[in-house]
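Note sheet for the following structure.
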Amino acid sequence: MFVVVAQFNHRFIHHFFPEMGRVGYPVVISSPFLSFSYSIAMPNSYQQQEKVNQLQQLTHLSEGECMRILSASQWDINTAINTVYDAEPRKNKSNGSRNMNTQNIKKMFDKYKDKDDPTIISIEGTLMLSADLQIEPTQLEFLLLSYELKSDKMGVFRRDEFIKGCVEAGIDSIDKLKTAVHTTFVQQLRDDDYFKKIYTYAFMIGRQTGQKSLSLEAAIELWRLLLEDRFGLLEDWIKFLEDKHRKAISRDTWLLFLEFTRQNELDIQSYDSEGAWPILIDEFVDYMKR
């Protein structure tokens, strides 16, 4: 177990909150995400409490857990989100993974591998794989495939991650992979936690290399892919972005927009502009009220 011992002081304060004091109380954290022993301050400002609320909405963790993760992240909401999602262990979804024939998986990979770099399946091989699976690279099924086989770049699969993904999913043939793509992976979208993982992954893989934000064009395509049947105001949101925003979408906006769409009784007219939503969503609500 990796344990970090630290004392809460001004070096541990995010630059947005210089008014925070030095006094805290000792806390030991032991969770799937963190294992720290340090002195932590309770949220002592409205902004900090809002960040706790945001992290709760995104992760469904307890208030205390969110408070601790945020404090360890210097009250930076994006760092806290990364801590949760990057450290969360993937569940082994196959009861028969121990019986997987990895040689068959390797042969499956080799059928599509790049001629110049045998450690990857590049665009040409990906198109062949997609054809064999009877899907298009522009379909939701392809995004699910990319997630399950741990692709970190759109249209590219790496050997080790491909094999690991197949083992975890209980797949050792192209027929099993085809069945999983068209049934198992799609059915798992009914689970809210799984859908959130796919939604979060879409932001990561949809970005251009080296970019922190998602281009507006890519964001719109991914929103249509993921939310077309889940959010009745999606086209209004897209029109607003194209008419008024015309800029890239940050990770914070991307993640919190999903929570915005998940409200059980979303009423534009009674929307609380003082809530913990990004300014862009506030502007969208004003746009819809006119």
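Fair warning: this is a prediction, and the values are worked out from it, not measured in the lab.
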**Message:** Does Val181 form a side chain to side chain contact (heavy atoms under 4.5 Å, CB included) with Val186? I'd like the steps, not just the answer.
**Reply:** CA-CA 7 Å; Val181 166; Val186 174; over 6 Å; no
One should read off an interatomic distance between Lys150 NZ and Cys166 SG, to the nearest 0.5 angstrom, of 10.5 Å
Residues passing the side chain to side chain donor-acceptor pair (under 3.5 Å) test with Tyr199, sequence neighbours excluded, are Trp223
Value for CD1 (Ile105) from CZ (Arg159), rounded to nearest 0.5 Å, stands at 11.5 Å
Open item on the list: Which label fits Tyr201 and Tyr147: parallel for a plane angle under 30°, tilted from 30 to 60°, or perpendicular past 60°?
Closed with: perpendicular
Between Leu234 and Arg224 the two heavy atoms that sit nearest each other are CD2-CA, 3.9 Å
Can you check salt bridge (charged side-chain N to carboxylate O under 4.0 Å, His left out) on Lys196 and Glu259, steps first, answer last? CA-CA 10 Å; Lys196 182 180 287 187; Glu259 301 308 314; 3.3 Å; yes
Report task. Report whether Ile120 and Met108 are members of the same hydrophobic cluster (ILVMFWY, side-chain heavy atoms less than 4.5 Å apart, transitive linking). Result -> no
What one should report as the nearest heavy-atom pair of Ile171 and Ser173 is CG2-O, 3.6 Å
| Do Leu129 and Leu145 touch side chain to side chain, with heavy atoms closer than 4.5 Å? | yes
Residues Met288 and Leu233: closest non-hydrogen pair is CE-CD2, 4.2 Å
Quiz prompt | Gln263 side chain to Phe260 backbone, donor-acceptor under 3.5 Å | solution = yes
Should we say atom CD of Glu124 is surrounded by more than 12 heavy atoms from elsewhere, each under 6.0 Å from it? no
Without swapping roles, check the side chain of Glu168 against the backbone of Gly165 for a donor-acceptor pair under 3.5 Å. no
dist Arg262:CZ -> Leu256:CG (nearest 0.5 Å) comes out at 12.0 Å
So OG1 of Thr138 and CZ of Phe142: to nearest 0.5 Å the spacing works out to 9.5 Å
side-chain contact (heavy atoms from CB on, under 4.5 Å) test vs Trp237 passes for just one of Leu280, Leu227, Ile220, namely Leu280
Rounding to 0.5 Å, atoms OG1 (Thr102) and CG (Asp172) come to a distance of 9.5 Å
Given the rule that I, L, V, M, F, W and Y join up when any side-chain heavy atoms are under 4.5 Å apart, are Ile198 and Met204 in one cluster?
yes
Here the pair of heavy atoms bringing Val52 nearest to Glu63 is CG1-CG, 3.7 Å
Under a 4.5 Å cut-off applied to non-hydrogen side-chain atoms, are Phe203 and Leu255 in contact? no
### Query
Applying the 4.5 Å side-chain criterion to the ILVMFWY set and letting contacts propagate, would Val156 and Leu177 be lumped into a single cluster?
no
**Prompt:** Do Ile135 and Leu127 sit in the same hydrophobic cluster, where Ile, Leu, Val, Met, Phe, Trp and Tyr count as joined when their side-chain heavy atoms come under 4.5 Å apart?
**Reply:** no
Leu222 and Ala202 have their tightest heavy-atom pair at CD1-O, 3.5 Å
Contacts of Asp160 meeting side chain to side chain donor-acceptor pair (under 3.5 Å) (sequence neighbours excluded), chain-then-number -> none
Those residues at least two apart in sequence (or on a different chain) that pass side chain to side chain donor-acceptor pair (under 3.5 Å) with Asp236 are none
### Query
If only atom types and distance count, is the side chain of Thr261 paired as donor or acceptor with the main-chain N or O of Phe231 below 3.5 Å?
no
- Query: Do the side chains of Ile205 and Ile121 join up, straight or via other hydrophobic residues, at under 4.5 Å, putting them in one cluster?
  - Reply: yes
> Is the shortest heavy-atom distance from the side chain of Ser130 to the side chain of Leu133 under 4.5 Å?
Replying inline: no
Here the ring pair (Phe, Tyr, Trp, His ring centres under 6.0 Å) pairs for residues 101-131, sequence neighbours left out, are Phe109-Phe162
Side chain to side chain contact (heavy atoms under 4.5 Å, CB included) filter on Ala248, not counting sequence neighbours, yields Ser213
Applying side chain to side chain donor-acceptor pair (under 3.5 Å) to Gln134 and not counting sequence neighbours gives Lys178
Apply side chain to side chain contact (heavy atoms under 4.5 Å, CB included) to residues Arg230 and Leu189 and explain how you reach the verdict. CA-CA 12 Å; Arg230 292 172 177 260; Leu189 287 173; 4.1 Å; yes
Asp114 backbone acceptor or donor facing Ser122 side chain under 3.5 Å
no
| Checking His182 side chain against Glu141 main chain: does a donor-acceptor pair fall under 3.5 Å? | no
Between Tyr287 and Lys239, the two heavy atoms sitting closest are OH-NZ, 3.6 Å
Practice task
Please report the C-alpha distance between Lys244 and Phe284 in whole Å, then the side-chain angles of each, then the deciding distance to 0.1 Å, and finally whether the side chain to side chain contact (heavy atoms under 4.5 Å, CB included) criterion is met.
Solution key: CA-CA 9 Å; Lys244 303 295 184 180; Phe284 168 64; over 6 Å; no
Exercise for the section: Can you establish whether the number of heavy atoms outside Glu161 located under 6.0 Å from its atom CD is more than 12? Expected result: yes
Report task. Look only at the side chain of Ser73 and the backbone of Asp76, and say whether a donor-acceptor pair between them is shorter than 3.5 Å. Result -> no
- Can you establish whether the number of heavy atoms outside Gln187 located under 6.0 Å from its atom CD is more than 12? yes
- Using a cut-off of 6.0 Å, state whether more than 12 heavy atoms not belonging to Arg207 lie near its atom CZ. yes
When you look at Thr119 and Asp117, which way does the side chain to side chain donor-acceptor pair (under 3.5 Å) test go after all the steps? CA-CA 5 Å; Thr119 67; Asp117 185 352; 2.6 Å; yes
Margin query: So does Ile249 get a backbone contact from the side chain of Thr253, meaning a donor-acceptor N/O pair under 3.5 Å?
Written below: no
* Is there a side chain to side chain contact (heavy atoms under 4.5 Å, CB included) between Ile163 and Lys106 once you walk through the steps? -> CA-CA 7 Å; Ile163 294 172; Lys106 291 175 181 177; 3.6 Å; yes
Interatomic distance, CD@Gln49 vs CE@Met67, rounded to 0.5 Å, equals 9.0 Å
